[in-house]
Amino acid sequence: IVGDVRAVPEIVGESSEDLIEPDNEDDNDVEPANRPNRQVRKPVRFGEWDSEAFHSQHCMPTPDGEPRNYREATSGEKIKEWQLAMDSEYKSLVKNNTWKLATLPAGRKPVSGKWTYKIKRDENDEIVKYKARFVARGFSQIAGTDYHETFAPTANKDTVRLLLATAVQESLTLRQLDVKSAYLQSSMNEEIFVEQPEGFEKYGPGGQKMYCRLNKSLYGLKQAGANWNNELDKFLTGYGLTRCKSDYCLYVDNRPNAERLLVVIWVDDIVVAGTPSGAETLIKTLTTKFETDDRGELRWFLGMKVTRP
(Lines give C-alpha, C1' and ligand atoms only; values in the text may rest on other atoms or scores of the structure.)
Protein backbone atom coordinates (compact mmCIF):
# COMPACT_ATOMS: atom_id res chain seq x y z
CA ILE A 1 0.00 0.00 0.00
CA VAL A 2 1.65 3.24 -1.13
CA GLY A 3 2.25 5.65 1.72
CA ASP A 4 1.46 3.15 4.47
CA VAL A 5 4.24 3.53 7.03
CA ARG A 6 2.68 1.48 9.80
CA ALA A 7 5.16 -0.82 11.45
CA VAL A 8 4.49 -4.50 11.17
CA PRO A 9 5.23 -6.26 14.48
CA GLU A 10 8.01 -8.81 14.21
CA ILE A 11 7.17 -12.32 15.33
CA VAL A 12 10.24 -13.44 17.19
CA GLY A 13 11.24 -17.06 16.87
CA GLU A 14 8.91 -17.82 13.97
CA SER A 15 9.63 -17.92 10.29
CA SER A 16 7.84 -19.15 7.24
CA GLU A 17 9.82 -22.39 7.51
CA ASP A 18 8.59 -22.90 11.08
CA LEU A 19 4.96 -22.66 10.05
CA ILE A 20 5.14 -25.24 7.27
CA GLU A 21 5.54 -28.88 8.01
CA PRO A 22 8.15 -30.76 5.97
CA ASP A 23 6.95 -32.50 2.86
CA ASN A 24 6.00 -36.13 3.23
CA GLU A 25 8.06 -38.29 0.91
CA ASP A 26 5.30 -40.89 0.67
CA ASP A 27 3.22 -39.94 -2.37
CA ASN A 28 0.25 -41.91 -1.05
CA ASP A 29 -0.06 -39.57 1.95
CA VAL A 30 0.08 -36.29 0.01
CA GLU A 31 -2.82 -33.93 0.85
CA PRO A 32 -5.05 -32.67 -1.99
CA ALA A 33 -3.83 -29.56 -3.73
CA ASN A 34 -6.74 -27.47 -2.47
CA ARG A 35 -5.88 -28.24 1.18
CA PRO A 36 -2.42 -26.81 1.98
CA ASN A 37 -0.45 -29.02 4.34
CA ARG A 38 0.55 -26.36 6.86
CA GLN A 39 0.18 -25.81 10.56
CA VAL A 40 -1.62 -22.67 11.78
CA ARG A 41 -0.14 -21.09 14.89
CA LYS A 42 -1.39 -18.21 17.02
CA PRO A 43 0.82 -15.08 16.79
CA VAL A 44 3.24 -14.69 19.69
CA ARG A 45 2.23 -11.02 20.10
CA PHE A 46 -1.14 -12.14 21.51
CA GLY A 47 0.72 -13.58 24.47
CA GLU A 48 -1.42 -14.55 27.45
CA TRP A 49 -4.46 -12.70 26.06
CA ASP A 50 -5.40 -15.77 24.11
CA SER A 51 -4.82 -18.25 26.91
CA GLU A 52 -7.54 -20.18 28.70
CA ALA A 53 -6.29 -18.84 32.05
CA PHE A 54 -6.75 -15.24 30.90
CA HIS A 55 -10.30 -15.87 29.66
CA SER A 56 -11.31 -17.69 32.83
CA GLN A 57 -10.03 -14.82 34.96
CA HIS A 58 -11.10 -11.77 32.97
CA CYS A 59 -13.85 -12.82 30.55
CA MET A 60 -16.35 -14.61 32.76
CA PRO A 61 -19.91 -13.22 32.38
CA THR A 62 -20.47 -13.32 36.15
CA PRO A 63 -17.29 -12.07 37.85
CA ASP A 64 -19.19 -11.30 41.06
CA GLY A 65 -20.26 -14.89 41.60
CA GLU A 66 -23.69 -14.33 40.06
CA PRO A 67 -25.26 -17.45 38.53
CA ARG A 68 -25.76 -17.45 34.80
CA ASN A 69 -28.78 -19.75 34.87
CA TYR A 70 -31.13 -21.70 37.14
CA ARG A 71 -28.86 -24.74 37.27
CA GLU A 72 -25.96 -22.74 38.62
CA ALA A 73 -28.18 -20.95 41.16
CA THR A 74 -29.43 -24.24 42.57
CA SER A 75 -26.09 -26.00 42.68
CA GLY A 76 -23.63 -23.36 43.90
CA GLU A 77 -22.51 -22.20 47.30
CA LYS A 78 -25.37 -19.70 47.73
CA ILE A 79 -28.28 -22.06 47.08
CA LYS A 80 -30.29 -20.79 50.06
CA GLU A 81 -29.85 -17.10 49.17
CA TRP A 82 -30.80 -17.53 45.52
CA GLN A 83 -33.74 -19.79 46.33
CA LEU A 84 -35.13 -17.17 48.72
CA ALA A 85 -34.64 -14.51 46.04
CA MET A 86 -36.55 -16.59 43.48
CA ASP A 87 -39.33 -17.34 45.97
CA SER A 88 -39.72 -13.62 46.67
CA GLU A 89 -39.84 -12.75 42.97
CA TYR A 90 -42.35 -15.49 42.19
CA LYS A 91 -44.65 -14.45 45.05
CA SER A 92 -44.47 -10.84 43.84
CA LEU A 93 -45.44 -11.86 40.31
CA VAL A 94 -48.39 -13.92 41.55
CA LYS A 95 -49.54 -11.18 43.94
CA ASN A 96 -49.39 -8.66 41.12
CA ASN A 97 -51.64 -10.89 38.99
CA THR A 98 -49.01 -10.90 36.26
CA TRP A 99 -50.41 -14.00 34.55
CA LYS A 100 -53.05 -16.68 34.56
CA LEU A 101 -52.15 -20.30 33.90
CA ALA A 102 -53.72 -21.69 30.74
CA THR A 103 -53.16 -24.33 28.08
CA LEU A 104 -51.45 -23.28 24.87
CA PRO A 105 -53.89 -22.75 21.95
CA ALA A 106 -53.31 -24.76 18.82
CA GLY A 107 -50.88 -23.12 16.43
CA ARG A 108 -49.41 -20.77 19.04
CA LYS A 109 -45.75 -20.72 20.02
CA PRO A 110 -44.89 -19.72 23.60
CA VAL A 111 -42.31 -17.10 24.46
CA SER A 112 -39.45 -18.58 26.43
CA GLY A 113 -38.30 -17.15 29.73
CA LYS A 114 -35.32 -17.36 32.08
CA TRP A 115 -34.11 -16.41 35.54
CA THR A 116 -31.53 -13.63 35.90
CA TYR A 117 -29.51 -13.02 39.03
CA LYS A 118 -27.84 -9.95 40.50
CA ILE A 119 -25.93 -9.27 43.70
CA LYS A 120 -26.60 -5.72 44.90
CA ARG A 121 -24.00 -3.92 46.98
CA ASP A 122 -23.86 -0.65 48.90
CA GLU A 123 -21.35 2.19 48.65
CA ASN A 124 -18.93 0.17 50.82
CA ASP A 125 -19.11 -2.82 48.46
CA GLU A 126 -21.02 -4.83 51.05
CA ILE A 127 -23.71 -7.24 49.85
CA VAL A 128 -27.17 -5.88 50.68
CA LYS A 129 -29.42 -8.05 48.53
CA TYR A 130 -29.59 -11.13 46.33
CA LYS A 131 -31.95 -10.25 43.50
CA ALA A 132 -33.59 -12.76 41.15
CA ARG A 133 -35.83 -11.70 38.29
CA PHE A 134 -37.87 -13.76 35.85
CA VAL A 135 -37.69 -12.23 32.37
CA ALA A 136 -39.11 -13.08 28.99
CA ARG A 137 -36.82 -13.77 26.07
CA GLY A 138 -38.09 -11.12 23.71
CA PHE A 139 -36.09 -12.46 20.77
CA SER A 140 -38.50 -15.41 20.61
CA GLN A 141 -41.52 -13.12 20.09
CA ILE A 142 -43.26 -13.09 16.72
CA ALA A 143 -43.91 -9.67 15.17
CA GLY A 144 -47.59 -8.98 14.48
CA THR A 145 -48.67 -11.74 16.87
CA ASP A 146 -46.81 -11.20 20.12
CA TYR A 147 -46.12 -7.48 19.72
CA HIS A 148 -46.89 -4.43 17.60
CA GLU A 149 -45.71 -1.08 19.02
CA THR A 150 -42.36 -1.10 20.83
CA PHE A 151 -41.30 2.56 20.94
CA ALA A 152 -41.06 4.28 24.32
CA PRO A 153 -39.76 7.87 24.59
CA THR A 154 -37.12 9.06 27.05
CA ALA A 155 -36.57 12.61 28.22
CA ASN A 156 -34.07 14.80 26.43
CA LYS A 157 -31.26 15.84 28.74
CA ASP A 158 -31.74 19.45 27.65
CA THR A 159 -35.28 19.17 28.99
CA VAL A 160 -33.92 18.01 32.33
CA ARG A 161 -31.51 20.95 32.47
CA LEU A 162 -34.35 23.34 31.61
CA LEU A 163 -36.43 21.85 34.41
CA LEU A 164 -33.60 22.38 36.90
CA ALA A 165 -33.07 25.96 35.74
CA THR A 166 -36.78 26.70 36.06
CA ALA A 167 -36.84 25.25 39.56
CA VAL A 168 -33.97 27.53 40.58
CA GLN A 169 -35.45 30.66 39.02
CA GLU A 170 -38.91 30.10 40.52
CA SER A 171 -37.72 28.57 43.82
CA LEU A 172 -39.60 25.32 43.22
CA THR A 173 -39.07 22.17 45.25
CA LEU A 174 -37.44 19.22 43.48
CA ARG A 175 -38.49 15.67 44.37
CA GLN A 176 -37.55 12.30 42.91
CA LEU A 177 -39.40 8.98 42.85
CA ASP A 178 -38.61 5.53 41.53
CA VAL A 179 -41.45 3.23 40.47
CA LYS A 180 -40.73 -0.30 41.71
CA SER A 181 -40.97 -3.03 39.05
CA ALA A 182 -42.53 -0.50 36.70
CA TYR A 183 -42.93 -2.85 33.73
CA LEU A 184 -44.91 -5.30 35.87
CA GLN A 185 -47.47 -2.60 36.64
CA SER A 186 -48.57 -2.07 33.04
CA SER A 187 -51.30 -4.00 31.25
CA MET A 188 -50.93 -6.12 28.12
CA ASN A 189 -52.69 -5.39 24.83
CA GLU A 190 -51.67 -8.64 23.12
CA GLU A 191 -52.34 -12.23 24.07
CA ILE A 192 -48.97 -13.69 24.99
CA PHE A 193 -48.13 -17.10 26.42
CA VAL A 194 -44.84 -17.49 28.31
CA GLU A 195 -43.27 -20.66 29.64
CA GLN A 196 -43.54 -21.02 33.42
CA PRO A 197 -40.54 -20.03 35.56
CA GLU A 198 -38.10 -22.89 35.96
CA GLY A 199 -38.48 -24.54 39.35
CA PHE A 200 -42.08 -23.31 39.81
CA GLU A 201 -43.91 -25.32 37.15
CA LYS A 202 -47.52 -26.35 37.73
CA TYR A 203 -49.62 -28.78 35.68
CA GLY A 204 -53.27 -29.08 34.78
CA PRO A 205 -55.74 -31.58 36.28
CA GLY A 206 -54.87 -34.15 33.63
CA GLY A 207 -51.13 -33.53 33.90
CA GLN A 208 -51.06 -31.33 30.81
CA LYS A 209 -48.42 -28.65 30.53
CA MET A 210 -49.59 -25.14 31.45
CA TYR A 211 -48.34 -21.75 30.28
CA CYS A 212 -48.48 -18.22 31.65
CA ARG A 213 -51.07 -16.13 29.79
CA LEU A 214 -49.87 -12.63 30.60
CA ASN A 215 -52.16 -10.04 32.14
CA LYS A 216 -49.30 -7.56 32.61
CA SER A 217 -45.94 -6.94 31.02
CA LEU A 218 -42.77 -8.80 31.88
CA TYR A 219 -39.23 -7.51 31.70
CA GLY A 220 -37.66 -8.62 28.45
CA LEU A 221 -40.76 -8.26 26.27
CA LYS A 222 -40.27 -6.04 23.25
CA GLN A 223 -43.34 -3.93 24.09
CA ALA A 224 -42.77 -3.73 27.85
CA GLY A 225 -41.31 -0.22 27.74
CA ALA A 226 -44.08 1.10 25.50
CA ASN A 227 -46.78 -0.45 27.70
CA TRP A 228 -45.35 1.14 30.84
CA ASN A 229 -45.04 4.54 29.17
CA ASN A 230 -48.69 4.38 28.07
CA GLU A 231 -49.76 3.42 31.60
CA LEU A 232 -47.90 6.33 33.19
CA ASP A 233 -49.15 8.75 30.53
CA LYS A 234 -52.77 7.80 31.30
CA PHE A 235 -52.23 8.52 34.96
CA LEU A 236 -50.48 11.88 34.52
CA THR A 237 -52.93 13.21 31.92
CA GLY A 238 -55.82 11.93 34.03
CA TYR A 239 -54.39 13.90 36.95
CA GLY A 240 -54.70 17.07 34.86
CA LEU A 241 -51.21 17.49 33.44
CA THR A 242 -50.54 18.28 29.79
CA ARG A 243 -47.97 16.36 27.78
CA CYS A 244 -45.44 18.61 26.07
CA LYS A 245 -45.45 18.27 22.29
CA SER A 246 -41.72 18.96 21.96
CA ASP A 247 -40.76 16.34 24.57
CA TYR A 248 -43.21 13.56 25.35
CA CYS A 249 -41.55 12.95 28.73
CA LEU A 250 -42.31 16.44 30.07
CA TYR A 251 -45.68 17.18 31.68
CA VAL A 252 -46.90 20.61 32.81
CA ASP A 253 -49.96 21.67 34.81
CA ASN A 254 -51.60 24.36 32.65
CA ARG A 255 -54.95 24.41 34.41
CA PRO A 256 -56.27 27.86 35.44
CA ASN A 257 -55.33 28.81 39.02
CA ALA A 258 -53.31 25.57 39.38
CA GLU A 259 -50.15 25.48 41.43
CA ARG A 260 -46.89 25.42 39.50
CA LEU A 261 -46.08 21.80 38.64
CA LEU A 262 -43.71 20.18 36.15
CA VAL A 263 -42.86 16.48 35.78
CA VAL A 264 -40.07 14.75 33.84
CA ILE A 265 -40.00 10.97 33.44
CA TRP A 266 -37.16 8.66 32.44
CA VAL A 267 -38.59 5.14 32.21
CA ASP A 268 -39.36 4.44 35.89
CA ASP A 269 -37.60 7.50 37.37
CA ILE A 270 -39.80 10.55 37.98
CA VAL A 271 -38.69 14.09 38.87
CA VAL A 272 -41.30 16.52 40.18
CA ALA A 273 -40.74 20.28 40.29
CA GLY A 274 -43.39 22.48 41.84
CA THR A 275 -44.64 24.26 44.89
CA PRO A 276 -44.25 22.20 48.08
CA SER A 277 -47.98 21.53 48.42
CA GLY A 278 -48.49 20.83 44.71
CA ALA A 279 -45.59 18.37 44.53
CA GLU A 280 -46.66 16.61 47.73
CA THR A 281 -50.24 16.15 46.50
CA LEU A 282 -49.09 14.64 43.20
CA ILE A 283 -46.65 12.29 44.92
CA LYS A 284 -49.31 11.03 47.36
CA THR A 285 -51.70 10.37 44.48
CA LEU A 286 -48.95 8.64 42.49
CA THR A 287 -48.05 6.30 45.36
CA THR A 288 -51.68 5.18 45.64
CA LYS A 289 -51.62 4.08 41.99
CA PHE A 290 -48.13 2.58 41.75
CA GLU A 291 -45.71 1.07 44.22
CA THR A 292 -42.97 3.70 44.44
CA ASP A 293 -39.81 4.55 46.33
CA ASP A 294 -39.85 8.20 47.42
CA ARG A 295 -36.24 9.35 47.37
CA GLY A 296 -37.02 12.81 48.71
CA GLU A 297 -35.12 15.83 47.47
CA LEU A 298 -33.46 15.39 44.08
CA ARG A 299 -29.73 14.79 44.45
CA TRP A 300 -28.68 12.56 41.54
CA PHE A 301 -30.31 12.04 38.15
CA LEU A 302 -28.97 10.68 34.85
CA GLY A 303 -25.37 11.07 35.95
CA MET A 304 -25.93 14.66 37.14
CA LYS A 305 -25.34 15.60 40.75
CA VAL A 306 -27.85 18.19 41.92
CA THR A 307 -27.05 20.52 44.84
CA ARG A 308 -28.79 23.66 46.04
CA PRO A 309 -27.42 26.38 48.30
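The closest donor-acceptor contact from the side chain of Glu66 to the backbone of Ile119 lies under 3.5 Å. Between the side chain of Thr281 and the main chain of Ser277, a donor-acceptor pair closer than 3.5 Å is present. A donor-acceptor pair under 3.5 Å links the side-chain atoms of Thr275 to the main chain of Gly278, judged by distance alone. With hydrogens and angles disregarded, a donor-acceptor distance shorter than 3.5 Å links the side chain of Asp247 to the backbone of Asn156. Checked by atom type and distance alone, the side chain of Thr145 never pairs as donor or acceptor with a backbone atom of Ile142 at under 3.5 Å.
Applying the salt bridge (charged side-chain N to carboxylate O under 4.0 Å, His left out) test to Asp87 and every residue at least two apart in sequence or in another chain returns nothing. Arg137 pairs by the salt bridge (charged side-chain N to carboxylate O under 4.0 Å, His left out) definition with nothing, not counting sequence neighbours. Judged as a side chain to side chain donor-acceptor pair (under 3.5 Å), and not counting sequence neighbours, the contacts of Glu280 are Arg175. Not counting sequence neighbours, Thr292 has no partner by the side chain to side chain donor-acceptor pair (under 3.5 Å) test. Applying the side chain to side chain donor-acceptor pair (under 3.5 Å) test to Asn189 and every residue at least two apart in sequence or in another chain returns nothing. For Thr173, the side chain to side chain donor-acceptor pair (under 3.5 Å) criterion is met by no residue, not counting sequence neighbours. Applying the salt bridge (charged side-chain N to carboxylate O under 4.0 Å, His left out) criterion to Lys129, with sequence neighbours excluded, gives no partner residue.
Judged as a salt bridge (charged side-chain N to carboxylate O under 4.0 Å, His left out), not a single pair has a partner in residues 200-210 (not counting sequence neighbours). Contacts classified as salt bridge (charged side-chain N to carboxylate O under 4.0 Å, His left out) and involving residues 215-236 (residues at least two apart or in different chains) are given here: Asp233-Arg243. Among residue pairs with one or both ends in residues 102-112, those qualifying as salt bridge (charged side-chain N to carboxylate O under 4.0 Å, His left out) are Arg108-Asp146, Arg108-Glu191; sequence neighbours excluded. Legend: side-chain hydrogen bond (donor to acceptor under 3.5 Å, both in side chains) pairs involving residues 97-107, not counting sequence neighbours, sorted by first then second residue: Asn97-Asn215. Identified under the salt bridge (charged side-chain N to carboxylate O under 4.0 Å, His left out) test for residues 250-260, with sequence neighbours left out: Glu170-Arg260, Asp253-Arg255.
Residues Leu162 and Thr166 have side chains in contact (heavy-atom distance under 4.5 Å, counting atoms from C-beta outward). The shortest distance between side-chain heavy atoms of Gln176 and Val306 does not fall below 4.5 Å. Put simply, the side chain of Val160 does not reach to within 4.5 Å of the side chain of Val271, judged on heavy atoms.
Smallest separation of non-hydrogen atoms from Phe193 and Ala102: CE2-CB, 4.2 Å. For the pair Ser75 and Arg71, the tightest heavy-atom approach, listed with the atom from each and the gap, is OG-O, 2.6 Å. The two residues Ala273 and Leu163 have their closest heavy-atom pair at CB-CD1, 3.7 Å. A pairwise comparison of heavy atoms in Asn96 and Gln185 identifies ND2-N, 4.3 Å as the closest pair. Shown here for Phe134 and Gln196, the closest heavy-atom pair between the two residues is CZ-C, 4.2 Å. Minimum heavy-atom separation, Ala226 to Ala152: N-CB, 3.7 Å.
Remark: aromatic rings of Tyr70 and Trp82 are distant, center separation not under 6.0 Å. Residues Phe200 and Trp115 place their aromatic rings such that the two centres sit under 6.0 Å apart.
Remark: Ser181 OG to Leu218 CG distance equals 10.5 Å, nearest 0.5 Å. To the nearest 0.5 Å, the span separating CG on Leu174 from CZ on Phe301 amounts to 11.0 Å. One finds the CG atom of Asp294 at 10.5 Å from the CG atom of Asp178 (value rounded to the nearest 0.5 Å). Interatomic distance, Thr154 OG1 to Asp269 CG, rounded to the nearest 0.5 Å: 12.0 Å. Atom CG of Leu84 sits about 12.0 Å away from atom NZ of Lys78, to the nearest 0.5 Å. In this structure, CG on Leu282 lies 9.5 Å from OG1 on Thr287, to the nearest 0.5 angstrom.
A donor atom on one side chain and an acceptor atom on the other are not found under 3.5 Å apart for Gln223 and Glu149.
Residues Leu250 and Leu302 share a single hydrophobic cluster, defined by chaining ILVMFWY side chains whose heavy atoms lie under 4.5 Å apart. At a threshold of 4.5 Å between side-chain heavy atoms, the hydrophobic network of Ile, Leu, Val, Met, Phe, Trp and Tyr places Tyr211 and Val111 in two separate groups. Both Val267 and Val264 sit in one connected hydrophobic cluster of ILVMFWY residues. Membership requires side-chain heavy atoms under 4.5 Å apart, directly or through other members. Linking Ile, Leu, Val, Met, Phe, Trp and Tyr whenever their side-chain heavy atoms come within less than 4.5 Å puts Leu184 and Leu101 in one cluster. Cluster annotation: Tyr239 and Ile270 are assigned to the same hydrophobic cluster (Ile/Leu/Val/Met/Phe/Trp/Tyr, side-chain heavy-atom contacts under 4.5 Å, transitive).
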Requested in this report: Test side chain to side chain contact (heavy atoms under 4.5 Å, CB included) on Leu221 and Val135 and set out the steps.
Outcome: CA-CA 8 Å; Leu221 291 177; Val135 301; over 6 Å; no
Requested in this report: For the pair Val128 and Arg121, evaluate side chain to side chain contact (heavy atoms under 4.5 Å, CB included) and give the outcome as yes or no after the intermediate values.
Outcome: CA-CA 5 Å; Val128 295; Arg121 299 176 179 269; 5.6 Å; no
**Report entry** Audit row: Glu195, Cys212, side chain to side chain contact (heavy atoms under 4.5 Å, CB included) steps and yes/no
**Finding:** CA-CA 6 Å; Glu195 294 178 349; Cys212 300; over 6 Å; no
Requested in this report: Go through the steps for Thr242 and Tyr251 under the test side chain to side chain contact (heavy atoms under 4.5 Å, CB included), then give the verdict.
Outcome: CA-CA 5 Å; Thr242 302; Tyr251 293 80; over 6 Å; no
Requested in this report: Please lay out, stage by stage, how Lys114 and Glu198 fare under the test salt bridge (Lys or Arg N to Asp or Glu O under 4.0 Å).
Outcome: CA-CA 7 Å; Lys114 66 171 293 186; Glu198 192 173 4; over 6 Å; no
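With Trp228 as the partner, the ring-ring contact (aromatic ring centres under 6.0 Å, His included) test is satisfied by one option alone out of Phe290, Tyr219, Trp266, Phe235: Phe290.
Enclosure of atom OH in Tyr248 is not indicated, since only 12 or fewer non-hydrogen atoms of other residues, nucleotides or ligands lie within 6.0 angstrom. Counting non-hydrogen atoms of neighbouring residues, nucleotides and ligands closer than 6.0 angstrom, the NZ atom of Lys131 exceeds 12 such neighbours. Heavy-atom neighbours of Glu77 CD from other residues, nucleotides or ligands within 6.0 Å: at or below the threshold of 12.
A cation-pi arrangement, defined by a distance under 6.0 Å to the six-membered ring centre and an angle within 45 degrees of its axis, is absent between Arg68 and Tyr117.
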